[in-house]
Every structure is written in C-alpha cells, then in structure tokens.
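Okay, so here's the structure we're looking at.
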Amino acid sequence: MNVSWQGAASLAARLMIAGIFVMSAVGNKIPNFSGVAEVMAGEGVPAPKVALAGAIAFLVVGGLSLAAGYRARIGAGLLLVFLALATYYFHDFWNFDGPEKQGEMIQFLKNVSLMGGLLFIVANGAGGMSLDARSAAVDTDG
C-alpha cells in the first residue's frame, strides 16, 4: 500500500463522514430505540420499529464499511439511502414557517452536502489507505 497525502486525506475524509453515522446509531438510536421509534411514527414513517432496525443496520454496516474502506462504494450507498430517507422525513423545511423553516432548511442542506460526499465515494471508491485499495493492489500483483 502506497502511503501518500491523497491516501491519508481519503482515510481522514472517510473517517469523518463515517463517524456521524456510526455515532448516531451507537450513541442515540440503539440506546433510545423506543423513543426514536415513537418520533419516527410521529413523522409518518411506516412500520417505525422495523424501519429503525433497518436504519441502524444501514448506519453501522455502511459506516464501518466506509471507515475501513472495505466495499466502500456499497457502504456509501447504504448511507446515501438512509440519509435520503431521513432527510425527507425529518428535515421537510417546506412544511414549516419562520425560524423553524430556516433551521430545517439548514439541516436539509447539511444532509444534501453529506449525500454529495457519499455520492463521490460511490462514484470514485474509497481512495488510498483502504482495504479496497489494498485488495486491488493484491489482485494486480498476483
């Protein structure tokens, strides 16, 4: 594995992006499962407990995949699906007025920017210093 500034930057970026998703699952959704499911039900999410279990799986699997750079395109895809749905259901700024609308729009746009980063990984892969890059190097060497 060739260590370069691009590889180190790719690793740092993947860790930064993955961190918010893994911590969301481990620090909030898992320990507060019932409360989060109630909030989801209030937002109109169908089958909220099933949806929450799926969301946790997407967050943990996608986040760890992204952090390790192992099948990172798939992991980023899982996180992209989660984020698109969460953004639609929970940051629907078009249903608000005044300061609440502005706050939800900021959260919506933050999520859209995260989706852009995830889409970049789906399109370009994990970059250097990843298990995907290591696997590709072994495949070409052997």
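These numbers come from the heavy atoms of this one structure, side chains and all, not from hydrogens, waters or symmetry mates. Small disclaimer: the values here were computed from a predicted structure and weren't measured.
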Around [X], counting heavy atoms of other residues, nucleotides and ligands shown, do more than 12 lie under 6.0 Å from its [atom1]?
| X | atom1 | answer |
| --- | --- | --- |
| Phe120 | CZ | no |
| Leu119 | CG | yes |
| Glu100 | CD | no |
| Phe33 | CZ | yes |
| Tyr70 | OH | no |
| Gln102 | CD | no |

Which pair of heavy atoms, one from [X] and one from [Y], lies closest together, and at what distance?
| X | Y | result |
| --- | --- | --- |
| His91 | Gln107 | ND1-CB, 3.2 Å |
| Ala126 | Gly69 | CB-CA, 4.0 Å |
| Ala18 | Gly63 | CB-O, 3.3 Å |
| Leu59 | Ser24 | CD1-OG, 4.2 Å |
| Pro48 | Ala37 | CB-O, 3.4 Å |
| Pro46 | Ala51 | O-CB, 3.8 Å |

Atom [atom1] in [X], atom [atom2] in [Y]: separation rounded to 0.5 Å?
| X | Y | atom1 | atom2 | answer |
| --- | --- | --- | --- | --- |
| Trp5 | Met129 | CH2 | CE | 13.5 Å |
| Leu80 | Leu85 | CG | CG | 9.5 Å |
| Asp92 | Lys101 | CG | NZ | 11.0 Å |
| Asn111 | Leu118 | CG | CG | 10.0 Å |

Distance-only, no hydrogens or angles: does the Ser10 side chain make a donor-acceptor pair with backbone N or O of Gln6 under 3.5 Å? yes
Would you say the side-chain atoms of Arg71 pair up with the backbone N or O of Asp132, donor to acceptor, closer than 3.5 Å? no
Non-hydrogen side-chain atoms of [X] and [Y] separated by less than 4.5 Å:
| X | Y | answer |
| --- | --- | --- |
| Phe90 | Met40 | yes |
| Lys49 | Leu52 | no |
| Leu78 | Phe21 | no |
| Ile121 | Leu79 | no |

Tell me whether Tyr89 shares a hydrophobic cluster with Phe108, the cluster being built from Ile, Leu, Val, Met, Phe, Trp, Tyr side chains joined at under 4.5 Å. yes
